[in-house]
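For reference, the structure discussed in these notes is given below.
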Amino acid sequence: MKPLSDAILNSQKSAIRKLFELLIKSSDGISFGIGQPDFTSPDFVNDEIIKALKEHKTQYAPALGLPTLRRVVAQKFQNENNMKWVETENVMITNGGSQALQLCFATLSNPGDEMILSSPNFLSYIYLASYYHLKLVEVPRLENYAPDLESIRQSITPKTKFIMINSPNNPTGYVYSKKQMDKLVQIILENDLYLVSDEVYEKFLYNDHIHISPASYDEMAERTLTLNALSKTFGATGLRLGYVSANKKIIGMMEKYGQYTTAGVNHPTQYGAIEALMKGNPDMPQILQSYNKKRLFSLKRLKELQFDTIEPFGAFYIMPRLNPKWNMTSEIFSNELVKEEHVACVPGNGFGSYSNNSLRISYATSDELLEEGFNRIERFLKKKSLI
Ligand code: PLP
(Lines give C-alpha, C1' and ligand atoms only; values in the text may rest on other atoms or scores of the structure.)
Protein backbone atom coordinates (compact mmCIF):
# COMPACT_ATOMS: atom_id res chain seq x y z
CA MET A 1 0.00 0.00 0.00
CA LYS A 2 1.13 3.56 -0.60
CA PRO A 3 2.68 5.50 2.31
CA LEU A 4 0.42 7.34 4.73
CA SER A 5 1.08 10.87 6.05
CA ASP A 6 4.70 10.96 7.26
CA ALA A 7 4.04 13.87 9.62
CA ILE A 8 1.27 12.05 11.48
CA LEU A 9 2.85 8.61 11.28
CA ASN A 10 6.12 9.86 12.73
CA SER A 11 4.65 11.88 15.60
CA GLN A 12 4.84 10.20 19.01
CA LYS A 13 1.74 9.19 20.90
CA SER A 14 1.44 11.74 23.72
CA ALA A 15 3.93 10.88 26.50
CA ILE A 16 1.21 11.80 28.97
CA ARG A 17 -1.30 9.34 27.54
CA LYS A 18 1.33 6.56 27.48
CA LEU A 19 1.98 7.16 31.14
CA PHE A 20 -1.69 6.93 32.00
CA GLU A 21 -1.91 3.58 30.27
CA LEU A 22 0.85 2.28 32.55
CA LEU A 23 -0.71 3.81 35.64
CA ILE A 24 -4.19 2.46 34.96
CA LYS A 25 -2.82 -1.04 35.54
CA SER A 26 -2.21 -0.30 39.25
CA SER A 27 -5.07 0.21 41.73
CA ASP A 28 -3.10 2.57 44.00
CA GLY A 29 -1.61 4.76 41.24
CA ILE A 30 -0.86 8.45 41.86
CA SER A 31 -0.70 10.75 38.88
CA PHE A 32 1.50 13.82 38.85
CA GLY A 33 1.09 13.72 35.10
CA ILE A 34 -2.32 15.22 34.65
CA GLY A 35 -2.64 18.50 32.75
CA GLN A 36 -5.91 19.59 34.27
CA PRO A 37 -7.06 21.22 37.50
CA ASP A 38 -8.58 19.05 40.23
CA PHE A 39 -11.83 21.06 40.26
CA THR A 40 -14.74 20.96 37.81
CA SER A 41 -16.92 23.55 36.08
CA PRO A 42 -19.19 25.66 38.36
CA ASP A 43 -22.90 24.87 38.54
CA PHE A 44 -23.90 28.30 37.20
CA VAL A 45 -22.08 27.37 33.98
CA ASN A 46 -23.40 23.80 33.84
CA ASP A 47 -26.97 25.02 34.46
CA GLU A 48 -26.86 27.28 31.39
CA ILE A 49 -25.72 24.36 29.24
CA ILE A 50 -28.53 22.17 30.57
CA LYS A 51 -31.04 24.96 29.98
CA ALA A 52 -29.85 25.35 26.38
CA LEU A 53 -30.19 21.60 25.86
CA LYS A 54 -33.71 21.63 27.27
CA GLU A 55 -34.51 24.44 24.86
CA HIS A 56 -33.30 22.15 22.06
CA LYS A 57 -30.35 24.31 21.06
CA THR A 58 -28.86 21.28 19.37
CA GLN A 59 -28.56 22.47 15.79
CA TYR A 60 -25.47 23.93 14.13
CA ALA A 61 -24.14 27.11 15.69
CA PRO A 62 -22.49 29.70 13.39
CA ALA A 63 -18.98 28.63 12.33
CA LEU A 64 -17.45 31.62 14.16
CA GLY A 65 -19.47 30.94 17.31
CA LEU A 66 -22.58 32.58 18.81
CA PRO A 67 -22.49 36.35 18.25
CA THR A 68 -23.31 37.02 21.94
CA LEU A 69 -20.45 34.81 23.09
CA ARG A 70 -18.06 36.45 20.64
CA ARG A 71 -19.06 39.85 22.02
CA VAL A 72 -18.52 38.65 25.60
CA VAL A 73 -15.08 37.30 24.63
CA ALA A 74 -14.20 40.63 22.99
CA GLN A 75 -15.20 42.43 26.20
CA LYS A 76 -13.15 39.97 28.24
CA PHE A 77 -10.07 40.67 26.10
CA GLN A 78 -10.65 44.41 26.42
CA ASN A 79 -11.27 44.48 30.16
CA GLU A 80 -9.07 41.69 31.52
CA ASN A 81 -6.24 41.67 28.98
CA ASN A 82 -6.15 45.36 28.11
CA MET A 83 -6.57 44.52 24.40
CA LYS A 84 -8.62 47.65 23.69
CA TRP A 85 -8.74 47.07 19.92
CA VAL A 86 -10.63 43.76 20.06
CA GLU A 87 -14.17 43.81 18.64
CA THR A 88 -16.63 40.97 18.11
CA GLU A 89 -15.31 40.61 14.53
CA ASN A 90 -11.84 39.85 15.92
CA VAL A 91 -13.02 36.74 17.77
CA MET A 92 -13.72 33.11 16.90
CA ILE A 93 -15.05 30.43 19.27
CA THR A 94 -13.21 27.10 19.05
CA ASN A 95 -13.22 23.52 20.25
CA GLY A 96 -10.94 24.16 23.20
CA GLY A 97 -7.60 25.90 23.15
CA SER A 98 -6.41 23.03 20.97
CA GLN A 99 -8.52 23.99 17.98
CA ALA A 100 -7.62 27.64 18.48
CA LEU A 101 -3.99 26.61 18.22
CA GLN A 102 -4.64 24.55 15.12
CA LEU A 103 -6.36 27.52 13.48
CA CYS A 104 -3.38 29.75 14.25
CA PHE A 105 -0.97 27.30 12.68
CA ALA A 106 -3.26 26.70 9.70
CA THR A 107 -3.74 30.36 8.86
CA LEU A 108 -0.13 31.47 9.34
CA SER A 109 1.82 28.67 7.72
CA ASN A 110 3.10 27.91 4.27
CA PRO A 111 5.32 24.83 3.85
CA GLY A 112 8.94 25.65 4.70
CA ASP A 113 8.15 28.64 6.94
CA GLU A 114 9.96 28.68 10.27
CA MET A 115 8.46 28.93 13.75
CA ILE A 116 10.54 29.81 16.80
CA LEU A 117 9.80 28.24 20.17
CA SER A 118 11.50 28.40 23.58
CA SER A 119 12.20 24.84 24.64
CA PRO A 120 10.96 22.99 26.70
CA ASN A 121 7.40 23.88 25.79
CA PHE A 122 3.90 22.45 25.31
CA LEU A 123 4.07 19.37 23.13
CA SER A 124 1.24 20.25 20.72
CA TYR A 125 3.27 23.15 19.27
CA ILE A 126 5.96 20.74 18.17
CA TYR A 127 3.60 18.38 16.37
CA LEU A 128 1.43 21.13 14.91
CA ALA A 129 4.60 22.56 13.36
CA SER A 130 5.22 19.23 11.69
CA TYR A 131 1.57 18.76 10.58
CA TYR A 132 1.66 22.18 8.92
CA HIS A 133 5.09 21.54 7.36
CA LEU A 134 6.82 24.26 9.31
CA LYS A 135 10.47 24.12 10.24
CA LEU A 136 10.58 24.11 14.03
CA VAL A 137 13.37 26.22 15.53
CA GLU A 138 13.75 25.31 19.20
CA VAL A 139 15.69 27.82 21.28
CA PRO A 140 16.72 26.40 24.66
CA ARG A 141 15.51 28.31 27.70
CA LEU A 142 18.04 29.82 30.10
CA GLU A 143 19.00 27.96 33.28
CA ASN A 144 16.04 29.51 35.19
CA TYR A 145 13.65 28.67 32.29
CA ALA A 146 13.45 32.30 31.13
CA PRO A 147 13.18 32.67 27.35
CA ASP A 148 16.60 33.35 25.81
CA LEU A 149 15.49 36.42 23.87
CA GLU A 150 18.94 37.20 22.48
CA SER A 151 19.21 33.68 20.99
CA ILE A 152 15.66 33.99 19.70
CA ARG A 153 16.67 37.19 17.92
CA GLN A 154 19.69 35.48 16.43
CA SER A 155 17.61 32.51 15.23
CA ILE A 156 15.47 34.67 12.95
CA THR A 157 15.93 34.09 9.22
CA PRO A 158 14.04 35.46 6.20
CA LYS A 159 11.83 32.36 6.48
CA THR A 160 10.77 32.97 10.08
CA LYS A 161 7.00 33.49 10.12
CA PHE A 162 6.09 33.53 13.79
CA ILE A 163 7.16 33.09 17.37
CA MET A 164 5.01 30.92 19.62
CA ILE A 165 4.79 31.75 23.33
CA ASN A 166 2.94 30.34 26.30
CA SER A 167 3.05 32.39 29.50
CA PRO A 168 2.38 31.17 32.18
CA ASN A 169 4.09 28.14 30.73
CA ASN A 170 3.37 24.46 30.56
CA PRO A 171 5.65 22.64 31.51
CA THR A 172 8.08 25.03 33.28
CA GLY A 173 5.66 27.35 35.09
CA TYR A 174 7.69 30.31 33.79
CA VAL A 175 5.93 33.70 33.54
CA TYR A 176 7.14 36.45 31.19
CA SER A 177 8.07 39.72 32.94
CA LYS A 178 7.10 43.12 31.52
CA LYS A 179 10.71 43.74 30.52
CA GLN A 180 10.89 40.43 28.66
CA MET A 181 7.58 41.11 26.92
CA ASP A 182 8.82 44.57 25.86
CA LYS A 183 11.88 42.97 24.36
CA LEU A 184 9.91 40.24 22.60
CA VAL A 185 7.57 42.85 21.12
CA GLN A 186 10.57 44.78 19.86
CA ILE A 187 11.98 41.63 18.19
CA ILE A 188 8.62 40.87 16.56
CA LEU A 189 8.24 44.42 15.22
CA GLU A 190 11.82 44.78 14.01
CA ASN A 191 11.54 41.57 12.02
CA ASP A 192 7.96 41.88 10.74
CA LEU A 193 6.84 38.62 12.40
CA TYR A 194 3.59 37.28 13.80
CA LEU A 195 3.21 36.22 17.42
CA VAL A 196 0.96 33.45 18.73
CA SER A 197 0.23 33.83 22.43
CA ASP A 198 -1.29 30.87 24.26
CA GLU A 199 -2.78 32.25 27.48
CA VAL A 200 -4.71 29.26 28.85
CA TYR A 201 -2.94 29.52 32.25
CA GLU A 202 -3.35 33.31 32.60
CA LYS A 203 -5.19 33.03 35.93
CA PHE A 204 -2.69 30.69 37.60
CA LEU A 205 -0.15 33.14 39.00
CA TYR A 206 1.69 33.25 42.34
CA ASN A 207 3.81 35.70 44.35
CA ASP A 208 2.40 38.85 42.75
CA HIS A 209 3.40 37.83 39.23
CA ILE A 210 1.16 39.39 36.61
CA HIS A 211 -0.01 38.23 33.20
CA ILE A 212 0.79 40.43 30.22
CA SER A 213 -0.96 39.86 26.92
CA PRO A 214 1.32 40.89 24.07
CA ALA A 215 -1.75 41.97 22.08
CA SER A 216 -2.26 44.74 24.67
CA TYR A 217 0.58 46.65 22.95
CA ASP A 218 -1.20 48.75 20.27
CA GLU A 219 1.49 48.10 17.68
CA MET A 220 1.01 44.31 18.15
CA ALA A 221 -2.75 44.30 17.48
CA GLU A 222 -2.51 43.38 13.80
CA ARG A 223 0.16 40.72 14.24
CA THR A 224 -0.76 38.86 17.43
CA LEU A 225 -3.04 35.82 17.60
CA THR A 226 -4.20 35.27 21.19
CA LEU A 227 -5.83 32.06 22.33
CA ASN A 228 -7.47 30.98 25.52
CA ALA A 229 -10.06 28.46 26.78
CA LEU A 230 -12.43 27.67 29.62
CA SER A 231 -10.46 24.47 30.21
CA LYS A 232 -8.05 25.47 32.97
CA THR A 233 -9.70 28.56 34.52
CA PHE A 234 -13.07 26.86 34.91
CA GLY A 235 -11.97 23.25 35.43
CA ALA A 236 -13.75 22.51 32.16
CA THR A 237 -11.30 20.51 30.04
CA GLY A 238 -14.13 18.26 28.86
CA LEU A 239 -16.40 21.08 27.69
CA ARG A 240 -13.98 21.78 24.80
CA LEU A 241 -14.59 25.50 24.65
CA GLY A 242 -11.88 27.89 23.56
CA TYR A 243 -11.50 31.19 21.72
CA VAL A 244 -9.02 33.12 19.68
CA SER A 245 -8.55 36.74 18.67
CA ALA A 246 -6.70 38.07 15.65
CA ASN A 247 -7.01 40.69 12.94
CA LYS A 248 -10.19 40.48 10.86
CA LYS A 249 -8.50 39.01 7.80
CA ILE A 250 -7.11 36.12 9.84
CA ILE A 251 -10.45 35.54 11.59
CA GLY A 252 -12.07 35.37 8.13
CA MET A 253 -9.55 32.70 7.13
CA MET A 254 -10.19 30.81 10.37
CA GLU A 255 -13.93 30.88 9.65
CA LYS A 256 -13.37 29.20 6.27
CA TYR A 257 -11.03 26.61 7.74
CA GLY A 258 -13.47 25.94 10.57
CA GLN A 259 -16.39 25.54 8.16
CA TYR A 260 -14.63 22.73 6.31
CA THR A 261 -13.05 20.98 9.28
CA THR A 262 -15.23 21.16 12.40
CA ALA A 263 -18.33 23.07 11.25
CA GLY A 264 -18.67 24.89 14.55
CA VAL A 265 -18.48 24.31 18.27
CA ASN A 266 -20.85 22.45 20.59
CA HIS A 267 -23.91 24.71 20.60
CA PRO A 268 -25.31 24.33 24.17
CA THR A 269 -21.83 24.71 25.71
CA GLN A 270 -21.55 28.17 24.21
CA TYR A 271 -24.42 29.36 26.44
CA GLY A 272 -22.50 28.13 29.47
CA ALA A 273 -19.42 29.96 28.20
CA ILE A 274 -21.33 33.26 28.03
CA GLU A 275 -22.09 32.98 31.75
CA ALA A 276 -18.60 31.76 32.59
CA LEU A 277 -16.84 34.66 30.89
CA MET A 278 -19.27 37.30 32.14
CA LYS A 279 -18.92 36.22 35.77
CA GLY A 280 -15.42 34.70 35.90
CA ASN A 281 -14.61 31.84 38.24
CA PRO A 282 -15.66 33.09 41.71
CA ASP A 283 -13.65 30.30 43.38
CA MET A 284 -10.34 31.41 41.89
CA PRO A 285 -8.96 33.13 45.03
CA GLN A 286 -9.42 29.97 47.13
CA ILE A 287 -8.11 27.77 44.31
CA LEU A 288 -4.98 29.89 43.98
CA GLN A 289 -4.43 29.85 47.71
CA SER A 290 -4.62 26.08 47.74
CA TYR A 291 -2.45 25.68 44.60
CA ASN A 292 0.15 28.02 46.07
CA LYS A 293 0.38 25.75 49.11
CA LYS A 294 0.84 22.72 46.85
CA ARG A 295 3.43 24.59 44.79
CA LEU A 296 5.49 25.47 47.86
CA PHE A 297 5.17 21.97 49.29
CA SER A 298 6.34 20.40 45.99
CA LEU A 299 9.25 22.81 45.80
CA LYS A 300 10.32 21.97 49.35
CA ARG A 301 10.06 18.20 48.83
CA LEU A 302 11.94 18.29 45.53
CA LYS A 303 14.77 20.24 47.15
CA GLU A 304 14.89 17.78 50.05
CA LEU A 305 15.09 14.94 47.54
CA GLN A 306 18.07 16.61 45.86
CA PHE A 307 16.45 17.47 42.52
CA ASP A 308 17.74 20.59 40.79
CA THR A 309 14.59 22.70 41.13
CA ILE A 310 13.56 26.09 39.78
CA GLU A 311 10.67 27.87 41.44
CA PRO A 312 7.70 28.21 39.06
CA PHE A 313 5.46 31.28 39.38
CA GLY A 314 2.62 30.24 37.10
CA ALA A 315 0.37 27.39 35.87
CA PHE A 316 0.33 24.27 38.11
CA TYR A 317 3.48 22.50 37.02
CA ILE A 318 6.99 22.27 38.32
CA MET A 319 9.86 20.97 36.21
CA PRO A 320 12.80 19.72 38.25
CA ARG A 321 15.99 18.44 36.64
CA LEU A 322 17.27 15.06 37.78
CA ASN A 323 20.39 15.26 39.89
CA PRO A 324 23.30 14.68 37.43
CA LYS A 325 24.85 12.29 39.99
CA TRP A 326 21.96 9.89 39.39
CA ASN A 327 23.08 9.36 35.82
CA MET A 328 19.57 8.58 34.55
CA THR A 329 17.45 9.91 31.72
CA SER A 330 14.04 11.17 32.70
CA GLU A 331 12.41 8.52 30.53
CA ILE A 332 14.08 5.68 32.47
CA PHE A 333 13.41 7.47 35.77
CA SER A 334 9.71 7.94 35.14
CA ASN A 335 9.25 4.42 33.73
CA GLU A 336 10.87 2.80 36.75
CA LEU A 337 9.01 5.10 39.14
CA VAL A 338 5.66 4.19 37.66
CA LYS A 339 6.44 0.47 37.66
CA GLU A 340 7.95 0.32 41.16
CA GLU A 341 6.02 2.98 43.07
CA HIS A 342 2.97 3.63 40.86
CA VAL A 343 3.67 7.36 40.65
CA ALA A 344 3.44 8.97 37.22
CA CYS A 345 5.52 12.05 36.27
CA VAL A 346 5.92 13.07 32.64
CA PRO A 347 9.48 12.68 31.27
CA GLY A 348 10.94 15.94 29.98
CA ASN A 349 11.72 14.63 26.51
CA GLY A 350 7.98 14.92 25.85
CA PHE A 351 8.43 18.70 25.77
CA GLY A 352 11.21 19.17 23.25
CA SER A 353 14.88 18.51 22.64
CA TYR A 354 16.38 20.24 25.69
CA SER A 355 14.70 18.57 28.63
CA ASN A 356 15.82 14.93 28.60
CA ASN A 357 17.00 15.30 32.20
CA SER A 358 13.78 16.84 33.56
CA LEU A 359 10.39 15.70 34.80
CA ARG A 360 7.12 17.56 34.66
CA ILE A 361 5.15 17.31 37.86
CA SER A 362 1.61 18.59 38.02
CA TYR A 363 0.70 19.52 41.59
CA ALA A 364 -3.00 19.99 40.77
CA THR A 365 -3.99 17.07 42.98
CA SER A 366 -5.12 16.58 46.58
CA ASP A 367 -2.73 17.42 49.45
CA GLU A 368 -2.87 13.79 50.60
CA LEU A 369 -1.90 12.37 47.21
CA LEU A 370 0.80 15.01 46.78
CA GLU A 371 2.33 14.05 50.12
CA GLU A 372 2.07 10.32 49.47
CA GLY A 373 3.48 10.71 45.94
CA PHE A 374 6.58 12.51 47.20
CA ASN A 375 7.00 9.92 49.97
CA ARG A 376 7.02 7.24 47.32
CA ILE A 377 9.56 9.15 45.23
CA GLU A 378 11.72 9.37 48.35
CA ARG A 379 11.39 5.61 48.91
CA PHE A 380 12.28 5.00 45.25
CA LEU A 381 15.42 7.15 45.47
CA LYS A 382 16.51 5.52 48.75
CA LYS A 383 15.93 2.01 47.40
CA LYS A 384 18.23 2.84 44.52
CA SER A 385 20.77 4.43 46.92
CA LEU A 386 20.51 7.72 45.03
CA ILE A 387 20.00 9.79 48.20
N1 PLP B 1 -2.21 25.20 25.62
C2 PLP B 1 -1.54 24.71 26.67
C3 PLP B 1 -0.28 25.36 27.09
C4 PLP B 1 -2.01 23.57 27.35
O5 PLP B 1 -1.33 23.10 28.39
C6 PLP B 1 -3.21 22.97 26.90
C7 PLP B 1 -3.72 21.77 27.56
O8 PLP B 1 -3.09 21.14 28.38
C9 PLP B 1 -3.87 23.53 25.81
C10 PLP B 1 -3.35 24.64 25.19
C11 PLP B 1 -5.11 22.92 25.25
O12 PLP B 1 -6.21 23.33 25.94
P13 PLP B 1 -7.65 22.73 25.65
O14 PLP B 1 -7.84 21.60 26.61
O15 PLP B 1 -8.56 23.87 25.91
O16 PLP B 1 -7.70 22.26 24.24
Side-chain angles (χ1 to χ4, degrees), residues 14-20 31-41 45 65 69 73 76 92-106 115 117-129 131 141 145 147 163-176 195-205 211 213-214 225-245 254 258 261-262 265-266 269-270 272-273 276-277 281 291 312-319 344 346 348 350-352 355 360-365:
S14 159
I16 303 169
R17 298 267 146 122
K18 271 202 284 194
L19 212 71
F20 277 126
S31 177
F32 287 172
I34 198 146
Q36 65 184 345
D38 64 339
F39 55 92
T40 54
S41 55
V45 175
L69 177 56
V73 170
K76 185 255 176 230
M92 176 161 171
I93 309 304
T94 61
N95 290 279
S98 299
Q99 194 208 356
L101 268 174
Q102 185 198 19
L103 290 167
C104 295
F105 278 70
M115 174 192 85
L117 184 67
S118 288
S119 184
N121 222 316
F122 181 49
L123 185 65
S124 295
Y125 310 147
I126 297 174
Y127 288 119
L128 280 168
Y131 294 169
R141 291 175 182 273
Y145 289 142
I163 298 179
M164 173 81 234
I165 65 163
N166 167 228
S167 173
N169 179 250
N170 170 11
T172 62
Y174 194 83
V175 182
Y176 260 75
L195 178 64
V196 179
S197 178
D198 177 345
E199 307 188 1
V200 298
Y201 296 102
E202 67 169 343
K203 302 288 182 201
F204 295 87
L205 292 163
H211 173 66
S213 296
L225 290 72
T226 306
L227 67 107
N228 209 326
L230 296 198
S231 305
K232 315 289 174 179
T233 307
F234 292 90
T237 47
L239 291 185
R240 312 307 308 133
L241 199 295
Y243 47 94
V244 57
S245 76
M254 289 180 172
T261 49
T262 51
V265 171
N266 183 302
T269 301
Q270 296 190 52
L277 292 173
N281 186 346
Y291 278 25
F313 293 106
F316 37 74
Y317 308 105
I318 186 162
M319 196 177 211
V346 189
F351 300 96
S355 38
R360 188 195 75 175
I361 290 175
S362 162
Y363 51 80
T365 188

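Note that the structure is predicted; figures quoted are calculated from it, not measured. Every number for a ligand or one of its atoms is a count from 1 in the order of the listing.
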Just how far is it from atom OG1 of Thr172 to atom CG of Asn166, taken to the nearest 0.5 Å? 8.0 Å
Residue list, side-chain hydrogen bond (donor to acceptor under 3.5 Å, both in side chains) with Thr237, at least two apart or on another chain: Gln36
Tyr291 vs Phe39 aromatic rings, parallel, tilted or perpendicular, using cut-offs 30° and 60°? tilted
Who passes salt bridge (charged side-chain N to carboxylate O under 4.0 Å, His left out) against Glu199, sequence neighbours left out? none
Any residue meeting side-chain hydrogen bond (donor to acceptor under 3.5 Å, both in side chains) with Tyr317, in chain and number order, not counting sequence neighbours: Tyr201
Using modelled atom types and a 3.5 Å cut-off, is there a donor and acceptor pairing between side-chain atoms of Gln270 and backbone atoms of Val265? yes
Pocket residues around ligand 1 (non-hydrogen, under 4.0 Å) come out as Gly96, Gly97, Ser98, Phe122, Tyr125, Asn166, Asn170, Asp198, Val200, Tyr201, Ala229, Ser231, Lys232, Arg240
